[in-house]
Each structure stands twice: as structure tokens, then as C-alpha cells.
4 protein chains.
Amino acid sequence: MTSGTRRRLAPDVRRRQVLDAAVAVFSEEGLHGASMDAIAARAGVSKPLVYAHGGTKDELFAACLAREADRLVSTLTTAALPDDGSGASSADARLRRALRAFFGAVTTHRQGWTVLYRQASTGEFAGTVDAARRGIVRRAAELLAAELGGSAEAAEPVAHTLVGAAEGLTDWWLGAERPAGDQEPADLLADMLMAVVWPGLDALRRP
Amino acid sequence: MTSGTRRRLAPDVRRRQVLDAAVAVFSEEGLHGASMDAIAARAGVSKPLVYAHGGTKDELFAACLAREADRLVSTLTTAALPDDGSGASSADARLRRALRAFFGAVTTHRQGWTVLYRQASTGEFAGTVDAARRGIVRRAAELLAAELGGSAEAAEPVAHTLVGAAEGLTDWWLGAERPAGDQEPADLLADMLMAVVWPGLDALRRP
Amino acid sequence: MTSGTRRRLAPDVRRRQVLDAAVAVFSEEGLHGASMDAIAARAGVSKPLVYAHGGTKDELFAACLAREADRLVSTLTTAALPDDGSGASSADARLRRALRAFFGAVTTHRQGWTVLYRQASTGEFAGTVDAARRGIVRRAAELLAAELGGSAEAAEPVAHTLVGAAEGLTDWWLGAERPAGDQEPADLLADMLMAVVWPGLDALRRP
Amino acid sequence: MTSGTRRRLAPDVRRRQVLDAAVAVFSEEGLHGASMDAIAARAGVSKPLVYAHGGTKDELFAACLAREADRLVSTLTTAALPDDGSGASSADARLRRALRAFFGAVTTHRQGWTVLYRQASTGEFAGTVDAARRGIVRRAAELLAAELGGSAEAAEPVAHTLVGAAEGLTDWWLGAERPAGDQEPADLLADMLMAVVWPGLDALRRP
DNA sequence: GATGAATGAGTGTTCATTCAT
DNA sequence: CATGAATGAACACTCATTCAT
């Protein structure tokens with residue numbers, strides 16, 4: 001009430017604050033289940049401020065989708081680079097590394113893309129979601145094409161398959177009781193998925 | 001309005017009519033996006049009738065989930081039986097047949113399970129959806145265990161992976177322009193998926 | 001379903017059956033709280049039959065009001081006659097007898113007038129209720145005028161007072177724990193009320 | 001609509017505004033007959049505002065009950081104090097003064113307690129109403145006990161009787177054409193009621 | 001610039017009432 | 001005739017969105 005009680009923050013910071021809260025609430029309550037009140041409360045700001053920095057509820061959700069999708073894409077891209085300085089690594093090692101990155105992202109940062117995009121796979125957001133998902137898959141296809149040879153277009157169905165498989169495995173892991181094990185989850189999941197798909201992918205390299 | 005005076009129908013018929021409309025609208029608009037008005041309008045009946053035959057919105061959605069899940073499960077189960085009279089068929093043939101059945105189901109009857117279950121992975125329905133999905137995956141795990149040996153429990157992560165992969169591939173196929181080809185879609189998709197996963201699965205048979 | 005399963009009853013009997021059920025349900029659930037379904041169920045008949053024999057919900061409620069009011073009026077009238085053949089009884093004995101009759105009626109037949117008229121003292125039924133209540137009070141005024149002398153008109157405010165007092169006392173008795181006592185409730189209540197009002201009424205006889 | 005653009009008012013003012021409208025509409029239409037739309041319209045505000053300041057319909061009704069009951073109780077309590085500075089007044093004068101206060105309250109502020117409490121004697125509000133009514137009657141019993149001697153408990157049935165009588169007399173006065181007279185209504189009614197009950201009450205003082 | 005207060009539009013749900021059988 | 005099946009109209013309640021302060 002006295003001027004100065006509420007801190008005046010830089011727009012970028014405020015925006016991130018709002019987006020973080022929005023991602024959290026959308027993940028927990030769902031697109032329609034989340035209320036702007038809840039998001040404002042979670043962000044610790046007033047509702048009009050949410051509108052000022054995040055726009056309409058739809059715009060806000062779209063922004064959340066975009067940011068989380070970007071995060072995932074950059075994670076994948078980074079992971080595709082050689083681990084250490086030594087550029088020498090085999091194809092399966094690079095793929096395993098990418099998968100580990102994917103699983104690492106979705107198992108640590110649970111309220112991310114994997115949770116968000118399911119909530120809007122239909123309805124007015126179908127298009128937005130689909131576009132974002134295709135972005136991810138396309139990046140995967142590029143990585144695959146680099147390993148397996150062939151064009152990125154040709155690799156797309158395989159990429160979709162792979163991403164779907166990874167999501168399915170993630171569902172299993174997120175689901176019930178985790179099997180006890182000393183392995184890092186991301187390593188375990190990457191190994192499991194590689195065991196199923198690598199022989200087939202390897203055979204596809206030179207038809 | 002549509003058909004003139006109000007017709008009197010058998011309860012079973014009406015119930016199916018309502019469920020069909022509900023599945024359609026839920027698939028298009030999502031759980032929260034769908035309004036009971038819209039469902040009633042789609043079914044060509046009045047709203048109270050929807051309540052009479054489908055119960056609460058939540059109950060109605062649960063009923064949709066259950067019906068579509070059952071459909072898919074029985075499709076898979078039927079497909080696991082030997083094609084012709086000859087009981088002699090190899091493991092990969094049986095798996096390919098099951099996959100063909102799955103793809104056939106989800107590509108023909110598009111507004112089905114695959115669309116529905118994604119909408120409710122969060123929120124109050126998480127439990128219901130998860131249970132239904134686990135039913136499907138468990139059936140897949142049983143089929144897999146029969147082929148690969150080992151317990152159904154051990155096969156569960158693989159089953160999740162497989163179902164996820166199939167869903168991902170379906171997304172691709174439902175997505176953009178379908179590649180022209182004379183093959184039946186279900187056959188094409190089953191072949192693609194088999195190419196990726198069978199070598200790996202085969203290697204898992206005897207560790 | 002087979003013809004003859006449902007008994008065909010005389011219209012009067014049916015009507016009474018319906019009215020009884022309606023009074024019971026209205027008393028328990030209130031005017032708006034009662035549903036025609038509930039009334040039909042309580043009467044053991046189908047809903048259209050309720051409409052056939054009882055008319056609209058409003059008409060049905062009005063009929064209930066009228067019947068119960070009549071019951072009370074005739075109770076009062078009967079009670080005002082000399083108890084036995086001997087016409088010789090004092091004024092206070094006759095008044096006490098009428099009060100005993102009133103209290104007897106409302107304490108035994110609890111779902112009667114006293115419960116019903118309160119539910120509709122306002123709204124669309126205000127008029128109906130008021131008319132019925134005035135009927136009761138007018139009868140009381142006639143009885144009072146016969147005892148106290150003077151015209152029935154002059155006795156009306158006194159009659160209202162008396163009926164209100166009796167209702168208030170009834171509320172108390174129906175309320176919490178009844179004081180243990182061997183006296184019949186109606187006798188007890190009549191005595192209590194007489195103790196308060198008779199001296200005053202007696203003084204009014206000859207101003 | 002009524003007053004043009006939306007005004008911003010202090011919460012207390014708005015709350016009273018809403019409560020006033022609610023009491024008015026509940027009195028006219030009854031608990032179930034009143035719609036939140038009607039209350040909002042009567043208050044000249046939008047429906048959500050009614051919810052913001054009055055809560056659920058049930059809570060709103062309960063608040064109305066409570067406020068009107070409090071009003072009546074404080075009226076009675078105030079009236080029991082000596083009129084002028086002279087603390088010396090007889091028992092019948094004090095009782096007459098309390099009755100005058102009661103009649104003054106219910107004849108001036110017609111849409112008050114007397115109208116409200118009758119609407120909810122059955123159903124979910126029976127408890128709330130009964131509690132409130134008991135509060136009023138208990139206050140009356142305390143006043144009576146102070147005059148007549150004895151405990152407040154013992155005075156309760158008498159208090160119920162008295163309150164009922166007063167309500168009955170009020171009904172008569174509110175009812176048809178008022179008898180022309182120069183007396184203040186409250187004085188007239190108090191005198192009439194005193195004439196009927198005082199001799200009896202006086203006789204109860206020393207049994 | 002940040003906010004409490006206010007609203008328009010829409011949702012799920014129920015009920016009195018009536019055809020068609 | 002008596003009924004199950006169907007509906008139109010309404011109601012309580014909520015939420016995304018925006019002024020006035």
C-alpha cells in the first residue's frame with residue numbers, strides 16, 4: 001500500500017516469474033482446470049499483472065508450450081554434440097546420449113513439455129501443440145538422419161516412433177513404483193530403449 | 001428439431017447414441033472444452049436425456065474411456081489368435097498381426113481411445129485414465145510375454161515402449177499428408193514399426 | 001405390464017392416496033423441496049397419474065392446504081359441542097376443550113396444517129394460505145364470540161392472538177426435549193395456555 | 001444499467017446493500033422461490049457480486065436470518081431498560097414497553113424476521129432457524145423471568161406462547177384493513193395483547 | 001504501474017410437465 | 001388407462017476479463 005512495498009521488477013524477470021507459475025499450475029490442474037486466479041496466486045502477484053505480462057489465458061498457455069518445447073529441443077541439440085573434446089564416438093553412443101538427455105529432462109523437470117502438451121492435444125490448441133511437437137520430432141529426425149544416413153524427411157516416421165516410444169517408457173517410469181536400482185533413471189531408461197530399438201535402427205542404416 | 005417429433009427409442013440404442021456423440025465431442029473439444037450442450041446437440045437429443053443415459057459429465061467421460069479401452073483390448077486379444085486354422089505361426093508373425101490390428105483400430109476409428117486418454121492424464125481423471133491405460137498395456141505385456149518368454153511384469157516396460165511407439169507412429173500417419181502407397185495403412189505402419197523394434201525384441205528373447 | 005398387474009382403483013380412493021403422499025412429502029421436504037417424482041414414488045404410482053388426480057404441483061399443494069385446513073376447522077367445531085349429552089358446561093371448560101382439540105390435532109397428526117402453511121406464507125401462495133388461515137381464525141373467532149359475547153368481528157384480533165399463542169406453544173412442545181409428565185400432551189398444553197389467557201379473556205367478557 | 005457505469009463501493013456498504021436486497025426478495029418470494037438473479041437485480045448489481053459478498057444462497061439466507069434476529073433481540077433488550085431516568089416502573093409497564101418495541105419493530109420493518117423464519121421451518125434450514133428463534137425466545141424468557149420470578153427455563157413455554165401470540169396479532173394487523181384509530185399501531189397492539197395476557201401472567205407471579 | 005472490485009457470458013444440473021406406447 | 005421416455009426452461013455457481021482507484 002505504501003509505495004515501495006511491492007517491488008518493481010524488470011519486465012523480463014516478471015515475465016519469467018509469471019511463466020514459471022503458469023507452467024506449474026497448468027501442469028497440475030490442466031489447461032481448463034487452471035484458473036487465472038490460481039496462476040496469479042502462485043506467482044505471488046495480482047491478476048491484472050498476469051494479464052499485463054502473460055496476455056490472455058490462451059496466449060499464456062501457448063507461451064508455456066513454446067518455452068518448454070524450446071527447452072527440450074535445445075537439450076536434445078546440446079546432447080548430440082560430442083560429450084568431451086574427443087570427437088570420436090560411435091553412432092549408438094551418440095543416440096544413447098541423446099536419449100539420456102531426453103529422459104533426464106523429462107524425469108527431472110517433470111512439469112515440462114511432456115505434461116503440458118497432452119492437455120491440449122485437442123480443441124483450439126491442437127494446431128499449436130502439433131506444431132510444437134513436430135518441431136521436437138523434426139529435430140530428432142535430423143539427429144537420426146545424421147546417424148543413419150538418408151534425408152531428414154525419410155527419418156521422420158522413425159523419429160515419431162522413437163519419440164513415442166520414449167514417451168511411453170517415461171509414462172511407465174513416472175507411473176507406479178520405480179524399480180529400485182543404483183542406475184540413474186535417465187541411464188536406465190536410455191538403456192532399456194536402446195535395447196529395443198538399436199538393433200532395428202542399426203539394420204536400417206544400410207538397407 | 002432435426003427429426004421432428006420426439007421419437008421413443010430403446011434404452012440401449014439411446015445410450016449408444018449418447019455415448020457415440022460424447023466420444024466424438026470429447027475427442028474434438030477435450031474433456032473440459034466439451035459442454036454437455038454440445039454433446040446433446042451432437043446426439044440430436046435434449047440435455048436431460050444425456051444426463052438420464054450418461055449421468056454426470058464425469059461419469060459420461062469415464063464411460064467413454066471404458067468403452068473405447070475395451071474396444072481396443074478386445075481388438076488386440078482377437079488379433080492374437082492364429083489367423084487361419086493353422087495354429088503354427090512364428091512369433092514375429094503374431095506380433096505383426098497384433099500391431100496390424102492396433103493400427104487398424106486407431107486409423108479407422110480415429111475418435112477413439114488414443115485421442116481420449118491424453119486429455120485426462122492430469123487432474124481428477126488421472127487415476128481412471130491411468131487404470132484404463134494400464135489395462136491396455138497389461139494386455140500387450142501378456143502378449144509380449146507369451147512371445148518373448150518371461151513374466152508379464154518384466155514385459156511391462158517393453159509393452160509401454162511398444163504402445164508409445166505405435167502411438168507416435170500413428171500420430172505421424174494421422175498428421176500430415178499420407179505417403180501414397182498401395183499398401184493398407186495398417187500393414188504399412190505395422191511393417192515400419194516391426195522393422196524398428198523386432199530385431200531388438202528378438203534379441204531379448206534369449207538374453 | 002400384463003394387464004391387470006396394476007389395480008384399477010376408484011378415482012376418490014386414488015385421489016386420497018395421492019393427497020396423502022403429497023401432504024407427507026410437502027411436510028418433510030417443503031414446497032419447493034418436494035419433487036413430483038418423490039410424491040409419485042411415495043404414493044406408489046406413476047408420475048402422470050399424480051398429474052391426472054392431483055393436477056399441477058401448485059394445484060396439488062393448494063389441495064393439500066385446503067384439506068388440512070378443513071380438518072382442523074372441523075376438529076375445532078366438533079370440540080365446541082358439549083362433551084356428553086349434558087349441555088351444562090362453563091365457558092372456560094368449553095374453551096379448554098377446544099384448545100385440547102387443537103393441540104391434540106397438531107401433536108398427533110404432525111404433518112398437518114401447522115407444518116404446511118408455513119412453507120408458503122410468502123410467494124405465489126401467500127393469498128391461498130392467508131385465506132385458509134383466516135378460515136381457521138374466523139371459526140375460532142365465532143367460538144370465542146359465543147363464549148365472550150360480542151360480535152365475531154370484534155373477536156377476531158383476540159382469535160388471532162389465541163391461535164398464534166397456541167402455535168407458539170406447539171412450536172415449543174415440538175421443539176426440544178419434551179418435559180416428562182404423565183399428562184396427555186394436549187391436556188398439558190391446553191392447561192398451560194389457559195393459565196395464561198383465561199384470566200384476561202374472562203375479564204373481557206363484560207367490559 | 002440503473003446507475004450507469006459501475007461504481008466502486010466500500011465492502012461494508014456493498015455487503016449491506018446485498019443483504020437488504022436479499023431480505024426483501026426472500027421475504028417476498030420465499031427461500032426457494034427467490035433466485036440469485038432476482039436478488040442481484042434487486043440490489044442493482046451483478047450476480048457474481050452477490051456471491052462475493054453474500055456467499056452461497058444458503059449462506060446468504062443464513063446471514064439474513066442472523067441479522068434480522070439480532071435486530072429484534074437488540075430491540076427487545078433496549079426496550080427492557082427503564083424508559084426515562086427513573087428506574088422505578090412496575091412489572092406490567094416494563095412488559096408493555098417490551099411488547100410495544102416488538103410490535104414497533106415488526107410493523108415498521110415489515111420484511112424482517114417474522115417473515116423470514118417461517119420459510120425455513122422445514123428442510124435443511126430447520127436447525128439454523130430454530131436456533132435463531134430460540135435466541136429470540138430465550139431473550140423474551142429472560143425478560144419474563146425477571147418480571148415473574150422463577151428461572152428462565154421455566155419461563156420458556158410462556159415466552160413461546162407470548163411470542164406466538166404477538167406474531168398472531170401482528171398477522172391480524174398486517175392482514176386486512178387496519179381499524180382506524182389515532183393510537184400508534186404499536187401502542188394499540190401492545191394494549192390488546194396486554195389485556196389478554198397480563199391478568200394470567202400476573203396470577204402466575206406468586207402461585 | 002499495480003490493484004481490488006466488478007461484470008458478462010457460460011456451465012453443469014435439475015424439475016415440472018407432456019407425448020407416444 | 002397407466003406408463004416410461006423425453007423435453008423446455010430455469011437455477012446456482014464460476015471464471016476470464018476489465019475498469020476505477
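Within every chain, numbering begins at 1; the chains are lettered A, B, ... in the order of the sequence lines, protein sequences first and strands thereafter.
- Where Leu9(D) and Ser46(A) each meet DNA chain E at their nearest nucleotide, the meeting point lying more 5' is that of Ser46(A).
- For the pair Ile39(A) CD1 and dT17(F) P, the interatomic distance rounds to 10 Å; values are reported in whole Å.
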- Task: Quick one, give me the B/S/- string for nucleotides 10-16 of chain F, reading 5' to 3', where B means a protein heavy atom under 4.0 Å from the base and S means that only happens at the primed atoms, P, OP1 or OP2.
- Result: B-BBBBS
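- Counting to the nearest Å, the P atom of dA5(F) and the CG atom of Leu49(B) are 10 Å from each other.
- Rounded to the nearest 0.5 Å, atoms CZ (Arg71(A)) and CD1 (Ile136(A)) are 12.5 Å apart.
- Inter-residue side-chain proximity for His109(C) and Glu68(C) is flagged as met; some heavy-atom pair is nearer than 4.5 Å.
- Within the 4.5 Å cutoff, side-chain heavy atoms of Arg67(A) are placed close to those of Asp20(A).
- Looking at heavy atoms from C-beta onward, Tyr51(D) lies out of side-chain contact with Glu59(D) at the 4.5 angstrom threshold.
- A distance of 10.0 Å separates CD1 in Ile39(C) from CG in Leu19(C), rounded to the nearest 0.5 Å.
- With rounding to the nearest 0.5 angstrom, the CZ atom of Arg14(A) is 5.0 Å from the CD atom of Gln17(A).
- Look at CD on Glu29(C): it is 16 Å from P on dT14(E), rounded to the nearest Å.
- A 4.5 Å side-chain heavy-atom check between Arg16(D) and Asp12(D) finds every atom pair outside the cut-off.
- For DNA chain E, runs of at least 3 consecutive pairs of the Watson-Crick or G-U wobble type, with both hydrogen-bonding distances under 3.5 angstrom, map to E:2-21 with F:2-21.
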- Task: Verify salt bridge (charged side-chain N to carboxylate O under 4.0 Å, His left out) between Arg42(B) and Glu28(B), making sure each step is shown before the conclusion.
- Result: CA-CA 12 Å; Arg42(B) 175 75 64 108; Glu28(B) 288 170 13; 2.8 Å; yes
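- In plain terms, the two heavy atoms of Phe26(C) and Leu31(C) that are nearest each other are CE2-O, 3.8 Å.
- Distances shorter than 4.0 Å separate none of the side-chain N or O atoms of His53(D) from OP1 or OP2 on dA5(E).
- To the nearest angstrom, P of dA16(E) lies 11 Å from CG of Leu60(C).
- Between His32(C) and His32(D), the ring planes are parallel. Angles under 30° get that label, and only those over 60° would be called perpendicular.
- A heavy-atom distance below 4.0 Å to DNA chain F is reached by none of the residues of residues 11-23 of chain D.
- Residues Val45(C) and His53(C) have side chains not in contact (no heavy-atom distance under 4.5 Å, counting atoms from C-beta outward).
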